[in-house]
Every structure is written in C-alpha cells, then in structure tokens.
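See structure below.
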Amino acid sequence: MVGSQPQQSIESLDNNGHYSRQWSIEDSEELYRIHGWGDPYFGINAAGHVTVSPQGDRGGSLDLHELVEALKKRNLELPLLLRFPDILEDRIERINACFAKAIARYNYPGVYRGVFPVKCNQQRHVIEDLVRFGNRHQFGLEAGSKPELLVALATLKTSGALLICNGYKDRSYIETAVLATRLGHRPIVVLEQPEEVDLAIAVSQQLGIQPVLGVRAKLQARGIGRWGGSSGDRAKFGLNVSEIVATVQRLRDAEMLDCLQLLHYHIGSQISCISAIKDAIREASQIYVELAQLGANMKYLDVGGGLAVDYDGSKTNFYASKNYNMQNYANDIVAEVKEACEEKNQPAPTLISESGRAIASHHSVLVFDVLGSSDAPSDVPPLSENKEHLILRNLRETYASIHEENFQEAYHDAIQFKDEATSLFSFGYLSITERAKAEQLYWACCRKVHDIVRDRDDIPKELKDLEKTLASIYYMNLSIFQSAPDSWAIDQLFPILPIHRLHEEPTRRVTLADLTCDSDGKIDRFIDRLNAKSILELHPLERNQPYYLGMFLVGAYQEIMGNLHNLFGDTNAVHIHLTPNGYQIEHLVKGDTMTDVLQYVEYDAEDMLESIRKSSEAALQAGKISIEESQRLLQNYERSLRSYTYLS
Ligand SMILES: *Cc1c(COP(=O)(O)O)cnc(C)c1O
C-alpha cells in the first residue's frame, strides 16, 4: 500500500479550503516522542507501524504490528505482554560498557560487578536470561527477601558473580546465605538493622564459617521525588553513622571485623537528578574510606539502584525523566570514589550497582486493543417547531455569541444556564427531553470555547480542564490494576501510542478507561514535552477494524505489583528473540484462565459448574428453561471457566 501512490505534495487544501500539511510519520515520531524514550529500541517504519530493534543499533528490527497479527493467528489473545530478551542483553552490555569506559577514562584501579535486583522482575525466564547474559561480566543478583534469596541461589550459576543479600533477615535467611558459600556462591550479607549484627555473629560462630558482611548506610543525601524517603534519618532501612560505628566495634569485639567488606546504600528509585546521585556517592565514598581506616577489610562499594529511565524522553529532572545518561552516571560514581580513595590512600573498591529499572524496563511492551469509545456530545440539537423553553433559548443565544473576545464570559453563562436547567428539571418545570437538549447545547458551547483556546499558550486556568472534559473515552481491553499498577498507584507515566496507522493524523483527543468497574481504572495523564498532558491524540476508530495500542517501558515492577481487581488475571506473555531471518518465540506463558483466578480466591471450578448444573436441572424440572437453553448456558459457563479473563 505504502509507496504505491505518487507522493503527494506536503501542502494541500483540506476540506475547509485551508492549507494543511500532510501528516507524516515524522509528525507521529514527534507527537509520541518516540526517539526521546525509545532510542535505540523503538521507532516507526514507512508503513506507519512501530518497530522494535531488540539489539539496539547492533541488529535488525521487527514490525510490531505484523508481530501482533502473527501472534493472534496462533490464537494468542490480547492483551499481550511482549518480552524481548535481546533488549535485556543489550541493557546488561550497555551498563557494563559504561562502567568499563568510565574505569578506563579515570584510570580507576578497580572493577565493576553489577547485580540485578530480583524484586524488579522475578519472572523465571527473565532472571534466567539475565544470569545467562550477565555471565561474561560476572553479573550477579540482589535478593531483598527470603523467597528472592531462594530464587537467586537456584538460578545464579556464574562463577565469581556476587549475591547481595538485602532486606529483613531472620536466622534462617542468614544461615542459608552463609551456607551457600560452601556451594561456591559469593553471598554478601548486608546488615540493615542493628539486630542483624548479633544474629550474623551468632550464625557465623555456630556454623564456623566466616561470612562476608556489608552495612547499609542511611545517607543524609536524598534522592528527590517519589522514593526520596529511602534515605535520611527516617529511612526504613539502613544504619545511621553512629550505628555503623557501633557495628564496627561489635564486630571487632567478636574478632570478625575482617568480615566487614562492603558498604551499601540505596537512596531510592528513579533518581531523576544527577546532583542527587553525586551527593550520595560523595557522602558514601567518605564513609567507605573511614570504615577502611577503622580497620574493616573494605573491598566493595555498592551504590544500590536509582539509575532512572526517561519515560517521557524529555531529558529533564521531571520525575518521569532524568537529566543524565548511563555514561554520566558511571562517570560520576567512578570519579568520586577514585578521588576519595586516593585522598585517604585507600585501595579502590570493586564497584557494585543494583540497577533494576534501567535494566528491565525497556524489554517489555504491553499491546492491547481498544473496544469502543464514548464521546462528549457536541452537535447543536435542531430547533423545535414550538417555541422553546427560555433556558434553551438562552443557551442557543450564548452558543451563537461565542467569539474570540467574549469566550470566557460566554463559558460562564453556559455553565449557569446548564445549572439552571438542572434545577428547573428537579422542580418539574423542564421535561427530560428539554433537559437533554440543554445539556447538548452546553456541550456545544464548551466545544466552541475550547476550539478558540486550545492552541493558546495562555489558557485561562478555569478552561484548562475543558480539554479533559471534552475528550472522548477509549475503552481498553486491559486492567490497569493488573498490567500497569504504578500508573494507578503512583501516577507513573508510561509512553502509550498506537502501533499502527502512524502515517495518519490522530484527530481524536482521548483519555483511556480500562475494563474494571473501578473509576480509578483509567489513564488521563500522558507523557509530554514538559510535565504531563491530560489527553492523548489517537485515531478515530474504524468499524470492524482492530485498533492496537502499545504501552512501553513496562518491564520493571509492573508485573509483580499487579493485582486481580475484578478478577482480571495475568495477561498472555510471549518471549520473542530476534533471529537472522526474523524472530523466534522462545517462551509462551499463557495468561490466567478464569479457573485460575477463581482458584486464588478459593473457588473450585468443578463445584461451581456442578452448582449451575443443579439449578438448571431444577429449572428444567419446573419447566422454566428449555433443554436447549440450559445446554447453552452450561456450555457458556464451562467454556468461560477455561478461557482468558479479558474480552475477546
Ligand atoms: C528496589 C531496589 C533496587 C532497585 O532500584 P532501581 O531504581 O529499580 O534500580 C536496588 N537496591 C535496593 C536495595 C532496592 O530496594
């Protein structure tokens, strides 16, 4: 199709006789900011489809729309979570390359040994892939709980890779970690609470194994934003400076000061501002050298997570963005640590980072379809033959009068008349048909006012919400609570755009609503150049044509934080690996069936079916249902139990 027609000139006359530019894929690129957040993995091709380049600039690309169509032919229903393990590999390569470059640049006399925090995406295939891709770099894992420790112990096979043991620990956690040394693992038990110090000493004495210990410091340097509370005096985890000094003393008394080899901190996730990262590493470097001077056998400095993802592509310190890149991050860490160690004549530590978001976010894309839309009415209702009620005449007059100079005043009039119409209706002076007309006229006024103000820079405050009020609602075949919980819980912004029709102008302004019966199940904030915008530009729906949207950068945290609101379950997930001739489906993880989700809440599908069978048998006996109806009901019920929780 594309390219079969002669290229039209860029300027042409539209229906209203205005000159208008043809919409191009470059316009879509700019509108959806795909280069900002998507490079080098996502782009748009000449067919107007989103492309995925799982190996970044090193490999070929896939047409996401074609991929989804092909998966649908294999009976994989939407919503679909697409995972691209090649992207994970590229991220691991990138972070190692950035640290290697920084180490060379500053002549740093130490190495980098990253770990992946399991909590960020515990899915088995993801962790197994990360371990495999990280092998060349001796990339390890970080566990934040006992179950995550079990995952790490079973999965991490890389010799020399570190296993950082964080989180709340009881005796069995510490014992398991310490005993794993005997299997060749390199666990480091990070003491985060004062009580853990004695526990670690006791376990070590009882087992007769010298563990490698670390301390997590509560820094004064703070990450700003959502997770700012992860550091500072009131932080949930970590030891303050006096507790660290007491820990050193305690370990010295137990003749275990040699075991203390690591300093860890984590000032929060998605640190959008490089200055916060610098402040933290500066403070931590000093604590590190001081610990060495106190006699601890210091070897590792673990800077935690926090390396941010640029969700809106703005490269600013807005919370959905970051004002630095991975290389800046590595440079600042390496340079600061080197300087602090040189000054105090201490050997440089092995540097560890626990980046989760920055490794995992890009590799998953959620693709879903739009089921339908609802639009705010905006047509002016036709005049009645009889004389209309005064309130309707007032509204018509207001509508006719709206122009550049009086739109604000006219808008207030329209609101007032609409309110009056509602009161008149409540007291029985206006029929329901008349009230409907009044509301229609009100909407028409709103739209006319909005058309005047929409492209102005100085939209009056009270008119700012008009955009949202007038937007259409597109219904997504999706549960926000299951698939993008952070969008609901913490206003996280994810890039969302159609994966096709990108050479067409998206003329509708919409907000999105999900399948749940929860009014919170919506998305009405979207990425923009500055801050967020309240509408998303999408294409008009076409009858009997599917319309697919993609939500991007959802590979970190979303899956495990998702919940079963309204019993919408896990989506189908497909792992796609790029091959020289196209792609290969590596794993297919089927989403929950209704039987699965019902089981979580202790229902037994067989019992439920039996109960329906009994009632339909009784209805049959009583002559209330025909045999055909009862068969049909039972078949529907049974089929539903076996099928996907989303709409087909
Ligand atoms: C959550 C967490 C991380 C991962 O943080 P990201 O911002 O996703 O990189 C790392 N370390 C600790 C201790 C954490 O709690």
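Note that the numbering runs from 1 along the sequence shown for the chain. Bear in mind that the values here come from a model prediction, so they are computed numbers and not experimental data. Both counts, for ligands and for their atoms, begin at 1 and track the order of listing.
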- Query: Below 4.0 angstrom, N of the basic side chain to O of the carboxylate: do Asp170 and Lys146 qualify?
  - Reply: yes
Exercise. Does Tyr557, backbone or side chain, put an N or O under 3.5 Å from an N or O of ligand 1?
Worked result: yes
- Task: Looking only at distances, please establish whether an N/O atom of ligand 1 is found under 3.5 Å from an N/O atom of Glu354.
- Result: yes
Ranked by distance from atom 14 (C) of ligand 1, the top protein heavy atom is Lys119 NZ, 2.8 Å
_With nothing but distance in play, are any N or O atoms of Ser355 less than 3.5 Å from an N or O of ligand 1?_
no
Near Arg216 (heavy-atom distance under 4.0 Å), the atoms of ligand 1 are 13 (C)
With sequence neighbours left out, the residues meeting ring pair (Phe, Tyr, Trp, His ring centres under 6.0 Å) with His565 are Phe481
The closest protein heavy-atom partner of atom 9 (O) of ligand 1 is Gly356 N, 2.7 Å
Compute the minimum heavy-atom distance from Pro117 to ligand 1 and say whether it is under 4.0 Å. yes
Atom 7 (O) of ligand 1 sits nearest the protein heavy atom Ser269 OG, 2.5 Å
- Query: What do you reckon, does Gly306 put a non-hydrogen atom under 4.0 Å from ligand 1?
  - Reply: yes
Worked check of side chain to side chain contact (heavy atoms under 4.5 Å, CB included) between Lys315 and Asp310: CA-CA 7 Å; Lys315 301 188 167 58; Asp310 196 356; 3.6 Å; yes
*asked:* Does any part of the side chain of Leu82, heavy atoms only, come nearer than 4.5 Å to the side chain of Leu64, both counted from C-beta?
replied: yes
Quick note on ligand 1: atoms under 4.0 Å from a heavy atom of Arg357 include exactly 6 (P), 8 (O), 9 (O)
| query | Side chains of Asp90 and Tyr41: do they bring a donor and an acceptor to under 3.5 Å? | reply | yes
Taking only non-hydrogen atoms of Asn166 and a 4.0 Å limit, the atoms of ligand 1 in range are 13 (C)
Are side-chain N/O atoms of Asn563 and Gln482 paired as donor and acceptor at under 3.5 Å? no
(request) Let me see the working for Thr158 and Phe139 under side chain to side chain contact (heavy atoms under 4.5 Å, CB included), right down to the final yes or no. (result) CA-CA 8 Å; Thr158 314; Phe139 214 77; over 6 Å; no
| query | Would you call Glu128 and Arg124 a salt bridge, using N to O less than 4.0 angstrom? | reply | yes
